[in-house]
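Take a look at the structure below.
Small disclaimer: the values here were computed from a predicted structure and weren't measured.
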Amino acid sequence: MKTIKFKVNGQDVSVTCPPSQPLLDVLRNELQLTGSKECCGKGECGSCTVLVNDVAICSCLMLIGQIENDSVVTIEGIGQTAIMDPIQQAFCDEGATQCGYCTPGFIVMARSFLDSIDHVPTADEVMKALSGNLCRCTGYTKIIKAVQAAAKKQLFQEISN
């Protein structure tokens, strides 16, 4: 057992657990941040995507001992119902969710992608950026449109500020 200190969604936290425990398990079981979902457990589906020091990672593959003193942002840190991030609003507006299981991972990955560009991406750019995330119950058309809509809104806000 080891006490590990890090930030989650801007808040300092510490957990005492085996350093070999997956970050996903700590987020869900110790910190009750259940937005990130476990699906494959192998880093192949992206349902558990979080940002660690602003880099999108599959939290099922990262061990809690690897993130000491780091910063983690989960779907809960991207935005809440009352104050949605533009990507969350776009997913709602475009109907880009079905069962919703993969949605948190897509939104976290899309937020990371949109933070790295300064234009409205093409469908190919979006597909490449989100290629590590899988949706089992819908096509990707509405997801792609949601990312593009969020990019437009984000660019418009930057221009008007």
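The 12-atom threshold is not exceeded at CD of Q11, counting heavy atoms of other residues, nucleotides or ligands nearer than 6.0 Å.
No side-chain donor-acceptor contact under 3.5 Å links D54 and S112. A donor-acceptor contact closer than 3.5 angstrom links the side chains of T3 and T16.
Tracing side-chain contacts under 4.5 Å through hydrophobic residues (I, L, V, M, F, W, Y), one never reaches I75 starting from L24; they form parts of separate clusters. Hydrophobic clustering (side-chain heavy atoms under 4.5 Å, transitive across Ile, Leu, Val, Met, Phe, Trp, Tyr) groups V73 together with F106. At a threshold of 4.5 Å between side-chain heavy atoms, the hydrophobic network of Ile, Leu, Val, Met, Phe, Trp and Tyr places V147 and V108 in one connected group. Cluster membership check: L51 shares its hydrophobic cluster with F113, using side-chain heavy-atom separations under 4.5 Å among Ile, Leu, Val, Met, Phe, Trp and Tyr. Criterion: ILVMFWY side-chain heavy atoms under 4.5 Å apart, direct or through other members. Under it, M84 and F91 are not part of a common hydrophobic cluster.
The shortest heavy-atom contact between P18 and I64 is O-CG2, 3.4 Å. Taking both residues in full, the closest heavy atoms of S131 and K128 are given as OG-O, 3.0 Å, listed atom of the first, atom of the second, then distance. The shortest heavy-atom contact between T74 and S36 is CB-OG, 4.4 Å. The minimum heavy-atom distance between A150 and L114, with the atom names listed, is CB-CD1, 3.7 Å. The nearest pair of heavy atoms linking A110 to L130 is N-CD2, 3.8 Å. When all heavy atoms are compared, the tightest approach of G35 to R28 is N-NH1, 4.5 Å.
In this structure, R111 pairs ionically with D115, as a charged nitrogen and a carboxylate oxygen lie closer than 4.0 Å.
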Subject >> Check against side-chain contact (heavy atoms from CB on, under 4.5 Å), E125 and H119 >> reply: CA-CA 11 Å; E125 288 174 309; H119 63 281; 3.1 Å; yes
**OP:** Give the C-alpha distance, both sets of side-chain angles, the deciding distance and a yes or no for side-chain contact (heavy atoms from CB on, under 4.5 Å) between L134 and Y140.
**Re:** CA-CA 9 Å; L134 302 176; Y140 295 89; 4.1 Å; yes
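Side-chain contact between V15 and F6 is present, with heavy atoms from C-beta onward closer than 4.5 Å. Put simply, the side chain of V55 reaches to within 4.5 Å of the side chain of I57, judged on heavy atoms. For the pair P22 and L61, the minimum side-chain heavy-atom distance is 4.5 Å or more. Side-chain contact between K37 and C39 is absent, with no heavy-atom pair separated by less than 4.5 Å. Residues K2 and C17 fail the side-chain proximity criterion, which asks for heavy atoms closer than 4.5 Å. With a 4.5 Å cut-off on side-chain heavy atoms, Q21 and L63 do not count as touching. Under the 4.5 Å side-chain criterion, counting only non-hydrogen atoms from C-beta, V126 is not in contact with T122.
A donor-acceptor contact shorter than 3.5 Å is absent between the side chain of D12 and the backbone of K5. No donor-acceptor distance shorter than 3.5 angstrom exists from the side chain of E68 to the backbone of G65, with no hydrogens or angles considered.
A distance of 11.0 Å separates CE in M62 from SG in C48, rounded to the nearest 0.5 Å. Put simply, SG on C58 and CD on E44 are 9.5 Å apart, with the number rounded to the nearest 0.5 Å. Distance check, rounded to the nearest 0.5 Å: CG of N133 to CE of M109 gives 5.0 Å. Distance CG/D70 to CG/N53: 4.0 Å, rounded to 0.5 Å.
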Side-chain atoms of residues 94-103: list all donor-acceptor pairs with protein atoms under 3.5 Å, sequence neighbours left out, distances to 0.1 Å.
residue, atom, partner, partner atom, Å
Y101, OH, E38, O, 2.6

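Residues passing the side-chain hydrogen bond (donor to acceptor under 3.5 Å, both in side chains) test with D93, sequence neighbours excluded: Q89.
Tested against E76 for a side chain to side chain contact (heavy atoms under 4.5 Å, CB included), the candidates V8, L33, L31, L27 yield a single pass: L33.
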